[in-house]
Amino acid sequence: MPELAEVEYARKRWDAGIGANIIAVELHATKRVFRGTDTRELKRQLIGRRLLSSVARGKQMLFRFGGDNSLGIHLGMSGSMRMEPPGFRAAKHDHLVLRQAKQALVLRDPRQFGRARFHHGKSRPDWWSAAPEIGSPEFTSEYFDDFLARHRRAPVKAVLLLQSGFPGIGNWMADEILWRAHVVPNRRVEKLKAQERTALRRATRFVSREALRIVGHDDSNLPKTWLIHERWSAKGVCPLHKTPLERATIGGRTTAWCPTCQR
DNA sequence: ATAAATGTTAAGAA
DNA sequence: GTTCTTAACATTTA
């Protein structure tokens, strides 16, 4: 279930392994999560190395190891991370297991839309995004408006899903943001008034910050007033006045919105 | 059995 | 050349 905050939560699942050596690496080398990755090199380099630190950017994670080695992880649609006891046996979908003396770090991904990549060297991996994060000082209104301007013909929902401008935003967050900004998801970006763009940017920052604070911290539930709790079910209603939600495919994804709140 | 699922990306169209 | 749309990827669940 990985968007910005779920990714942050997943990243921390491996925190207990920081500072400890990797004594063995087990992986399902032919699985799609390793597409484009040299798994033999990954294994060869990581064994005997210490896990030093980790960072997340949007939906991407980077785990740094000794010897200038790093492991990039993206959870795709169904990826998850967890810790298991040392004697743990990998199941069918546990595609990567990093064994340490006191625990095993596990990456699981049944659908395999996610991926695990390896990078050796001091340089920044070319797959590591440089886009400003939503909570960062670089995410200014100028930057925001400029990004929207470059995608003026697309429906605003589709643009919110672009990781090059909105790192970490996914399907539920995009719907949540649009609902709070009172904008219908299929509005062309060029039709947004300045006031609506401001509302959109505010909602983007609010949803990201609150999700990170609540879900990213300990996987707690978001307040009952949020749209997320209604949008999954076909019978979902607006949290404000119980109007049945509309739904359609926009930007290639199932989208839910309130026809009363959003224009 | 068919459809849909919290994502990305290649390919082709505009 | 850039932007936009859509199909495809692999598996489980409703």
Side-chain angles (χ1 to χ4, degrees), chain A residues 1-11 13 28-37 56-61 72-81 90-96 107-117 125-129 131 134 146-179 185-191 204 207-208 210-212 214-216 219-222 226-236 245 247-257:
Chain A
M1 337 158 188
E3 295 180 31
L4 186 71
E6 293 94 348
V7 168
E8 178 60 8
Y9 180 75
R11 182 183 68 81
R13 298 307 87 206
H28 299 152
T30 62
K31 291 298 185 176
R32 197 177 125 95
V33 285
F34 292 111
R35 59 198 180 279
T37 297
R57 278 206 145 214
K59 295 173 192 168
Q60 301 207 97
M61 288 170 274
I73 291 184
H74 191 296
L75 297 174
M77 202 82 118
S78 60
S80 61
M81 294 163 66
K92 186 177 173 188
H93 300 301
D94 297 328
H95 302 308
L96 176 65
L107 170 66
R108 172 186 162 85
D109 188 359
R111 288 176 72 183
Q112 302 180 73
F113 290 177
R115 76 199 299 179
R117 321 165 103 136
D126 54 6
W127 37 260
W128 186 247
S129 157
I134 289 161
D146 186 64
F147 188 81
L148 293 190
R150 275 193 285 131
H151 298 283
R152 64 181 79 84
R153 313 293 283 285
V156 59
K157 164 74 183 260
V159 176
L160 282 172
L161 293 174
L162 294 173
Q163 300 302 293
S164 52
F166 299 97
I169 302 300
N171 207 19
W172 80 252
M173 290 183 84
D175 283 0
E176 189 78 44
I177 289 164
L178 289 164
W179 177 66
N186 60 1
R187 276 277 286 287
R188 303 271 139 185
V189 167
E190 61 191 345
K191 302 269 192 176
T204 300
V207 170
S208 297
E210 287 299 288
L212 272 176
I214 299 167
V215 180
D219 202 25
S220 293
N221 290 128
L222 292 160
W226 283 44
L227 183 71
I228 183 175
H229 304 295
E230 298 290 334
R231 69 173 300 289
W232 309 113
S233 124
K235 302 188 295 280
L245 299 177
R247 44 189 71 238
T249 299
I250 301 171
R253 314 298 303 281
T254 295
T255 300
W257 72 94

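A note on names: the letters A, B, ... follow the listed sequences, proteins ahead of strands, and every chain is numbered from 1.
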Only pairs under 3.5 Å count here: list side-chain donor-acceptor contacts from residues 146-156 of chain A, not counting sequence neighbours, and write none if there are none.
from, atom 1, to, atom 2, distance (Å)
Arg152(A), NE, Ala149(A), O, 3.1
Arg152(A), NH2, Ala149(A), O, 3.1

* To do: Go through the steps for Asp175(A) and Lys157(A) under the test salt bridge (Lys or Arg N to Asp or Glu O under 4.0 Å), then give the verdict.
  => CA-CA 7 Å; Asp175(A) 283 0; Lys157(A) 164 74 183 260; 2.7 Å; yes
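- Comparing atom distances between the Thr254(A) side chain and each of dA10(C), dA5(B), dT12(C) picks out dA5(B) as nearest.
- For dT8(B), one of the phosphate oxygens OP1 or OP2 lies less than 4.0 angstrom from a side-chain nitrogen or oxygen of Lys59(A).
- Qualifying salt bridge (Lys or Arg N to Asp or Glu O under 4.0 Å) partners for Glu8(A), counting only residues two or more places apart in sequence or in other chains: Arg11(A), Lys12(A).
- Contact between the side-chain N/O atoms of His93(A) and the OP1/OP2 oxygens of dT11(C) is not found at any separation under 4.0 Å.
- Between Lys157(A) and dC4(C), a side-chain N or O to OP1/OP2 separation shorter than 4.0 Å is absent.
- A sub-4.0 Å separation between OP1 or OP2 of dT8(B) and a side-chain N or O of Gln163(A) is present.
- Asn171(A) contributes atom CG, which lies 12.0 Å from atom CD of Glu176(A) (distance to the nearest 0.5 angstrom).
- In the interface, the side chain of Arg153(A) is not paired with the base of dA14(B) through any donor and acceptor atom under 3.5 Å apart.
- At least one side-chain nitrogen or oxygen of His151(A) sits closer than 4.0 Å to the OP1 or OP2 atom of dC4(C).
- When the side-chain nitrogen and oxygen atoms of Arg111(A) are compared with OP1 and OP2 of dG7(B), none of them lie within a distance under 4.0 Å.
- Pairing analysis of DNA chain B (Watson-Crick: purine N1 to pyrimidine N3 plus N6-O4 or O6-N4; G-U wobble: N1-O2 and O6-N3; both under 3.5 Å) yields stems of 3 or more pairs at B:2-5 with C:11-14, B:7-14 with C:2-9.
- Closest approach to the Asn171(A) side chain among dT12(C), dT6(B), dT3(C) is made by dT6(B) (side chain taken as heavy atoms from C-beta onward).
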